[in-house]
Amino acid sequence: MSTTLEVDELLYKAKLNITGMTEFGLSFADLSAGAISPPAEGCRFDAAFQGEAGGPRIRGTIAGIDYLRVRADGRFDLHIHEIITTSDGVNIDVQGGGIAVLRPEGGMADIRVNLTLFTSAEAYKWVNPLQVWAVGSLDLLRQTVEFSAYSA
């Protein structure tokens, strides 16, 4: 596979399930349902997730955690650490930051994330210099995330 990428080239699409939630004083379920609002200082959650990556450049499984902070205005600040294990057994470290903004109708949020990828595996070293942008959505009721990741 060529290591030369076009700007805005699709690398992979991800489908993730939230598998666990560490709460720091507030219930994520209550916050997601709109039963409570974020306090003035905001609130924090560690959201564990796992799922699949599939695409023209990267395929495999994903597992990680988002050190999520919800601001008083309701914006989610994302701080993501994950591992993509490719279908041929290579681990790629993925770290990123971004935002999730709730849609006015509730229950869904639009996400925008800036990612960096790293591995020392020869077949995937082409990911190391990339800046990757991901866009997608978070379904708070189903606790699922879907996004597409593109070279920038």
Side-chain angles (χ1 to χ4, degrees), residues 1 3 5 7-33 38 41-71 73-103 106-152:
M1 176 173 296
T3 59
L5 296 171
V7 173
D8 296 331
E9 184 174 335
L10 176 66
L11 302 177
Y12 62 96
K13 292 184 178 189
K15 293 184 179 187
L16 308 173
N17 295 304
I18 297 173
T19 58
M21 188 69 64
T22 303
E23 301 171 336
F24 295 86
L26 290 179
S27 163
F28 187 77
D30 288 348
L31 183 73
S32 297
E41 67 276 9
C43 46
R44 162 96 194 281
F45 304 95
D46 292 351
F49 57 86
Q50 61 185 23
E52 301 288 326
R57 292 287 189 155
I58 298 174
R59 295 186 153 293
T61 60
I62 299 174
I65 194 159
D66 184 353
Y67 301 100
L68 168 67
R69 185 173 299 271
V70 182
R71 298 184 343 180
D73 65 3
R75 185 176 103 169
F76 291 27
D77 288 335
L78 311 176
H79 185 73
I80 301 161
H81 293 258
E82 68 186 40
I83 297 170
I84 298 174
T85 302
T86 66
S87 55
D88 54 346
V90 171
N91 286 332
I92 299 174
D93 172 59
V94 181
Q95 296 187 32
I99 62 168
V101 178
L102 292 173
R103 295 179 185 169
M108 295 288 292
D110 295 311
I111 60 172
R112 304 291 181 263
V113 181
N114 176 9
L115 300 170
T116 57
L117 288 71
F118 175 82
T119 188
S120 294
E122 195 62 41
Y124 291 92
K125 282 184 180 180
W126 58 268
V127 304
N128 294 342
L130 294 181
Q131 193 63 55
V132 177
W133 295 103
V135 295
S137 61
L138 162 64
D139 185 324
L140 291 164
L141 302 176
R142 291 182 22 229
Q143 295 199 359
T144 59
V145 177
E146 293 188 20
F147 67 85
S148 298
Y150 300 91
S151 62

Side-chain donor-acceptor distances from residues 127-135 under 3.5 Å, at least two apart:
{"residue": "N128", "atom": "OD1", "partner": "T119", "partner atom": "N", "Å": "2.9"}
{"residue": "N128", "atom": "ND2", "partner": "T119", "partner atom": "O", "Å": "2.8"}
{"residue": "Q131", "atom": "NE2", "partner": "N114", "partner atom": "OD1", "Å": "2.1"}
{"residue": "Q131", "atom": "NE2", "partner": "L115", "partner atom": "O", "Å": "3.3"}

Run the side-chain donor-acceptor check on residues 145-152: report pairs under 3.5 Å with partners two or more places apart or on a different chain.
{"residue": "S151", "atom": "OG", "partner": "E6", "partner atom": "O", "Å": "2.5"}
{"residue": "S151", "atom": "OG", "partner": "E9", "partner atom": "N", "Å": "3.2"}

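When every heavy atom of D93 is checked against every heavy atom of Q95, the shortest pair comes out as OD2-NE2, 3.2 Å. Of all heavy-atom pairs between F28 and F76, the closest is CE1-CE2, 4.3 Å. Nearest heavy-atom pair, V90 versus A121, reported as atom, atom and distance to 0.1 Å: CG1-CB, 3.4 Å. Between R103 and S137, the shortest heavy-atom contact is NH2-CB, 3.9 Å. Residues G54 and R59 come closest through the heavy atom pair CA-NH1, 3.4 Å. What you find for I62 and Y12 is that their closest heavy atoms are CD1-CE1, 4.4 Å.
Side chains of T61 and E52 form a contact here, defined as non-hydrogen atoms less than 4.5 Å apart. Side-chain atoms of S32 and L141, non-hydrogen and from C-beta on, never get closer than 4.5 Å to each other. Between D66 and F45 there is no side-chain heavy-atom pair separated by less than 4.5 Å. With a 4.5 Å cut-off on side-chain heavy atoms, V113 and L78 count as touching. Using a 4.5 Å cut-off on side-chain heavy atoms (C-beta onward), I18 and L138 make contact. Side-chain contact check for K13 versus L10: some heavy-atom pair is nearer than 4.5 Å. Side-chain contact between D77 and L68 is absent, with no heavy atoms from C-beta onward closer than 4.5 Å.
Annotation: the span from T144 atom OG1 to F49 atom CZ amounts to 13.5 Å, rounded to 0.5 Å. The distance from the CZ atom of R57 to the OG1 atom of T86 is 14.5 Å, given to the nearest 0.5 Å. Going from atom SG of C43 over to atom CZ of R69 covers 9.0 Å, rounded to the nearest 0.5 Å. The distance from atom CG of L117 to atom CG of L11, rounded to the nearest 0.5 Å, is 7.5 Å. For the atom pair E82 CD and I92 CD1, the distance stands at 10.5 Å (nearest 0.5 Å).
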Could you give me the CA-CA distance, side-chain angles and deciding distance for T19 and N17, then say whether side chain to side chain donor-acceptor pair (under 3.5 Å) is met?
-> CA-CA 6 Å; T19 58; N17 295 304; over 6 Å; no
May I have the step-by-step check of side chain to side chain donor-acceptor pair (under 3.5 Å) for T85 and N91, ending in yes or no?
-> CA-CA 4 Å; T85 302; N91 286 332; 2.8 Å; yes
I84 and Y124: side-chain contact (heavy atoms from CB on, under 4.5 Å), yes or no, with the steps?
-> CA-CA 12 Å; I84 298 174; Y124 291 92; over 6 Å; no
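Remark: R75 CZ is packed, more than 12 non-hydrogen atoms of other residues, nucleotides or ligands lying under 6.0 Å away.
Under the 30°/60° scheme for interplanar angles, the aromatic rings of Y67 and H79 are found to be tilted.
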